[in-house]
Protein chains: 2
Amino acid sequence: MNLPIRIVIADDHVLVRQGIRAFLETHADLSIVGEAEDAASAIALCSAQMPDVALLDLVMPGGGIEATRAIRAASPQTQVVLLTSFENAQQILAAVQAGALSCLLKDIDADALADTLRKAARGEAVLHPRIAARLMEALREDADPASGLLESLSQREHEVLALMAEGLSNSSIAERLGIGEKTVKTHVSNVLGKLNVSDRTQAAVYAWKSGMKQR
Amino acid sequence: MNLPIRIVIADDHVLVRQGIRAFLETHADLSIVGEAEDAASAIALCSAQMPDVALLDLVMPGGGIEATRAIRAASPQTQVVLLTSFENAQQILAAVQAGALSCLLKDIDADALADTLRKAARGEAVLHPRIAARLMEALREDADPASGLLESLSQREHEVLALMAEGLSNSSIAERLGIGEKTVKTHVSNVLGKLNVSDRTQAAVYAWKSGMKQR
DNA sequence: TTCCTTCTCCGCCGACAGACCGAGAGCCTT
DNA sequence: AAGGCTCTCGGTCTGTCGGCGGAGAAGGAA
């Protein structure tokens with residue numbers, strides 16, 4: 001057996017921290033090297049201790065996501081495992097993109113938590129099944145265009161928008177589609193009108209935000 | 001107990017289909033209403049049978065992702081569950097965005113498969129833990145900018161680009177940042193030069209493609 | 001100090017963008 | 001046949017964009 005895995009716990013509820021500590025102390029290979037009750041002290045603690053794993057509550061004073069980002073920046077070898085009571089897909093997505101490795105619900109049992117922490121120390125991610133399900137939902141949602149406005153575009157206008165969204169000028173679009181530049185300008189004007197935006201850049205941004213796939 | 005869950009299996013290997021069928025037939029509430037060996041016949045079968053769940057191999061002639069998309073379009077009440085041997089995050093992401101509900105690895109045991117199918121019939125998603133881990137990796141990867149060119153931008157230029165990427169005009173950016181429009185134009189010109197693009201739309205597209213997050 | 005970068009701002013000017021006007025041809029529904 | 005939609009193209013005009021050259025102030029590095 002190697003050195004014990006060094007862990008920092010951050011949660012704004014004392015009871016939760018004590019509970020987790022009590023759970024984890026029954027495992028000899030897990031060592032709790034510090035506790036914090038808000039984002040700022042969690043970040044400071046991780047900067048000082050450089051733990052293997054930081055176990056953070058997603059909702060805590062100062063913000064669990066901000067804490068994740070700061071800890072990952074200050075101490076890259078520290079893997080962040082998030083605990084959450086609720087299943088908010090957007091928050092979880094943001095947390096993952098901020099650098100969180102694993103996400104667990106608080107109803108997890110002690111052995112599974114210990115297992116997740118060991119995996120985290122090795123860089124292996126774990127997603128709670130219910131969280132995974134929510135994440136799937138979220139991904140499916142922002143995958144579907146269904147932004148309404150996009151559907152009002154004609155076939156040709158779609159093509160023109162797609163090329164606009166690649167950064168092409170009117171003349172380049174005309175060349176690519178084999179039509180006149182004046183025609184392209186007409187299509188562009190129609191697209192701007194239908195999308196309710198005032199210039200091609202906003203149209204391109206709209207296309208990207210809507211996840212227009214026809215690249 | 002309600003009506004049995006109607007399932008279509010699609011896999012290009014006969015042995016796999018027979019194996020799955022043998023597994024599932026031990027469950028009284030699961031009814032296999034058809035088998036297919038490629039995307040085209042799977043789509044046709046689902047259009048005709050309108051099953052509750054389609055169990056597809058991710059790699060099959062015609063493409064599991066295309067099959068997923070077509071089945072979801074032709075028979076929206078059919079939930080798609082994907083089976084895969086490999087853990088390619090990009091493919092899985094694409095599959096989820098094509099409308100797949102759950103993703104499993106082929107090393108799953110029969111009871112877990114049955115459980116996943118029952119959940120799928122109720123619209124509940126299941127992600128295989130190893131797939132979940134890969135998905136997390138992928139999400140973390142395309143979250144980090146690290147596009148090189150972006151790092152040559154100064155702080156102010158970053159801010160200006162971020163606002164360009166939201167579709168703001170020079171005057172709006174000036175207003176937002178509390179500086180003169182001429183100054184904004186200078187920054188914009190510098191950004192265009194550093195990013196090696198010729199207009200603000202291309203810069204905005206670049207920002208989006210690079211996954212610039214500083215919104 | 002000197003040099004370099006960054007941020008700020010100025011004027012000039014050509015080029016493209018986008019609005020507004022009209023119009024002909026093809027296609028589909030009524 | 002009439003009306004509607006789409007795609008095509010034309011002209012005109014105003015505004016913004018973006019390039020070019022210049023410049024002052026502040027801060028850090030050599």
Side-chain angles (χ1 to χ4, degrees), chain A residues 145-210 212-215, chain B residues 145-210 212-215:
Chain A
S147 315
L149 257 358
L150 273 183
E151 291 164 13
S152 64
L153 297 183
S154 71
Q155 174 62 32
R156 206 50 158 172
E157 287 161 354
H158 250 103
E159 294 173 30
V160 170
L161 176 56
L163 295 175
M164 271 196 278
E166 290 297 327
L168 274 68
S169 67
N170 287 340
S171 61
S172 302
I173 296 175
E175 208 175 321
R176 185 78 75 86
L177 296 181
I179 59 180
E181 184 178 343
K182 292 296 176 63
T183 307
V184 174
K185 292 182 77 168
T186 303
H187 289 315
V188 169
S189 285
N190 291 335
V191 169
L192 298 185
K194 287 185 179 178
L195 297 187
N196 220 345
V197 296
S198 55
D199 61 60
R200 68 198 297 104
T201 305
Q202 288 179 18
V205 170
Y206 184 97
W208 281 92
K209 281 189 176 173
S210 313
M212 239 183 66
K213 286 290 182 256
Q214 39 274 69
R215 345 182 174 173
Chain B
S147 312
L149 253 5
L150 275 183
E151 290 165 14
S152 64
L153 298 184
S154 71
Q155 174 61 31
R156 205 51 156 173
E157 287 161 354
H158 249 102
E159 295 173 29
V160 171
L161 175 57
L163 294 175
M164 272 195 279
E166 291 297 326
L168 274 68
S169 67
N170 287 340
S171 61
S172 303
I173 296 175
E175 208 175 321
R176 185 78 75 85
L177 296 181
I179 58 180
E181 184 179 343
K182 295 295 176 61
T183 307
V184 174
K185 291 183 73 170
T186 303
H187 289 315
V188 169
S189 285
N190 291 334
V191 169
L192 298 185
K194 289 185 178 178
L195 295 187
N196 219 347
V197 296
S198 55
D199 61 59
R200 68 198 299 103
T201 306
Q202 289 180 18
V205 170
Y206 184 97
W208 281 93
K209 281 188 175 173
S210 313
M212 236 183 69
K213 282 295 181 258
Q214 37 274 70
R215 348 181 176 172

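We name chains A, B, ... by the order of the sequence lines, and we start the count at 1 in each one.
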Within the sub-3.5 Å range, which N or O atoms of nucleotides 25-30 of chain C have a protein N or O partner, and how far apart are they?
none

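- B/Glu157 places its CD atom 10 Å from the P atom of C/dT8, with the value rounded to the nearest Å.
- Between A/Lys182 atom NZ and A/Asn170 atom CG the span is 11.0 Å, to the nearest 0.5 Å.
- Side-chain contact between B/Val205 and B/Val197 is absent, with no heavy-atom pair separated by less than 4.5 Å.
- The side-chain contact (heavy atoms from CB on, under 4.5 Å) test applied to B/Glu157 returns B/Leu153, B/Ser154, B/His187, B/Asn190, B/Val191, B/Lys194, not counting sequence neighbours.
- Within the 4.0 Å cut-off from OP1 or OP2 of C/dT8, at least one side-chain nitrogen or oxygen of B/His187 is found.
- Taking the screw axis at each terminus of the helix from C/dT1-D/dA30 to C/dT30-D/dA1 from five consecutive base pairs, the angle between the two is 40° to within rounding of 10 degrees.
- With D/dT6, C/dC9, D/dC9 as the candidates, the nucleotide lying closest to the side chain of A/Lys182 is D/dC9.
- Residues A/Val184 and A/Leu163 fail the side-chain proximity criterion, which asks for heavy atoms closer than 4.5 Å.
- Comparing atom distances between the A/Lys194 side chain and each of D/dT6, D/dC7, D/dC9 picks out D/dT6 as nearest.
- For C/dT5, the OP1/OP2 oxygens have no side-chain nitrogen or oxygen of B/Ser154 closer than 4.0 Å.
- Atom CZ of residue A/Arg176 and atom CD of residue A/Glu166 lie 8.0 Å apart, to the nearest 0.5 angstrom.
- In plain terms, the two heavy atoms of B/Ala165 and B/Ala207 that are nearest each other are CB-CB, 3.8 Å.
- Scored by the salt bridge (Lys or Arg N to Asp or Glu O under 4.0 Å) test, A/Glu159 finds A/Arg156 as partners (sequence neighbours excluded).
- One finds the CG atom of B/Leu177 at 10.0 Å from the OG1 atom of B/Thr183 (value rounded to the nearest 0.5 Å).
- A side chain to side chain contact (heavy atoms under 4.5 Å, CB included) with A/Thr201 is found for exactly one of B/Gln202, B/Met164, B/Arg200, namely B/Arg200.
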Annotated protein contacts, base or backbone, on nucleotides 16-30 of chain D with a non-hydrogen cut-off under 4.0 Å, one of B, S, - each:
-BBS-----------
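- The salt bridge (Lys or Arg N to Asp or Glu O under 4.0 Å) test applied to B/Glu175 returns no partner, not counting sequence neighbours.
- Taking all atoms of both residues into account, the shortest heavy-atom contact from B/Ala203 to B/Leu192 is CB-CD2, 3.9 Å.
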